[in-house]
Every structure is written in structure tokens, then in C-alpha cells.
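All remarks here apply to the structure that follows.
Just so we're clear, the structure is a prediction, and the values are computed from it rather than from any experiment. Positions are given from 1, in the same order as the sequence printed here.
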Amino acid sequence: MATKVTVRGNLDQALRKFKQKVARDGVPSECKKREAYDKPGVRRRNAKKEGIKNSQKRNRANNRDY
């Protein structure tokens, strides 16, 4: 998939737009994930840790007293 950004005067803005589009497509996280092989057990363990962390974050957000 090709990502295209047109440059109209300011190269810095075009570069920022390009980085945003690439990040939105998930390219950096996909590259990081494929850098090394994770055994299936390690992958499950990391997914479980991530789920626990996200649920704790949601609980903190929902239990705030305003």
C-alpha cells in the first residue's frame, strides 16, 4: 500500500502528515512486532499482561470521583 503526501511549500508539515498516516496504518508497531520471534506462550503471556493493564486503566477512569 502506497502512502502519498503532497508537499506544498513546507516540507516539515508534509513530513509530519506522512508520519501520522504511517502511524495510523500501524506500520511502526508491525515492524516492531516482527523484529524477533516470540514463542506462542510468551505471546499469550504478553497479551494477558496487556489486557490486565488495560482493564486496570479503564477501572481507574471509571472510578474517579467528580
Side-chain angles (χ1 to χ4, degrees):
M1 180 159 111
T3 303
K4 188 175 11 176
V5 175
T6 57
V7 178
R8 294 187 181 146
N10 194 346
L11 184 64
D12 292 330
Q13 283 181 336
L15 184 61
R16 189 177 316 130
K17 286 275 190 192
F18 175 74
K19 287 182 180 180
Q20 286 174 353
K21 284 185 179 186
V22 169
R24 206 174 304 127
D25 290 341
V27 174
S29 60
E30 186 69 25
C31 290
K32 186 177 179 182
K33 192 180 350 175
R34 291 175 185 255
E35 277 181 358
Y37 176 74
D38 287 336
K39 291 165 51 173
V42 173
R43 211 176 308 143
R44 279 193 299 270
R45 197 176 320 132
N46 289 339
K48 188 174 181 179
K49 283 182 185 176
E50 199 64 34
I52 290 170
K53 188 170 71 171
N54 287 338
S55 67
Q56 288 174 346
K57 191 188 305 183
R58 267 187 262 115
N59 287 339
R60 275 195 309 268
N62 290 337
N63 293 333
R64 289 188 182 145
D65 293 328
Y66 289 106

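- With rounding to the nearest 0.5 Å, the separation of CZ in Arg64 from CZ in Arg60 is 8.0 Å.
- Residues Lys49 and Lys53 are not in side-chain contact: their nearest non-hydrogen atoms beyond the backbone lie 4.5 Å or more apart.
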Would you list the atom pairs, donor with acceptor, under 3.5 Å between side chains in residues 10-23 and any protein atom, with sequence neighbours excluded?
from	atom 1	to	atom 2	distance (Å)
Asn10	OD1	Asp12	N	3.1
Lys21	NZ	Lys4	O	3.2

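- Within 6.0 Å of atom CZ in Arg43, more than 12 heavy atoms from other residues, nucleotides or ligands are found, so the atom counts as buried in its surroundings.
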Stepwise salt bridge (Lys or Arg N to Asp or Glu O under 4.0 Å) check, Glu35 with Lys32 = CA-CA 5 Å; Glu35 277 181 358; Lys32 186 177 179 182; over 6 Å; no
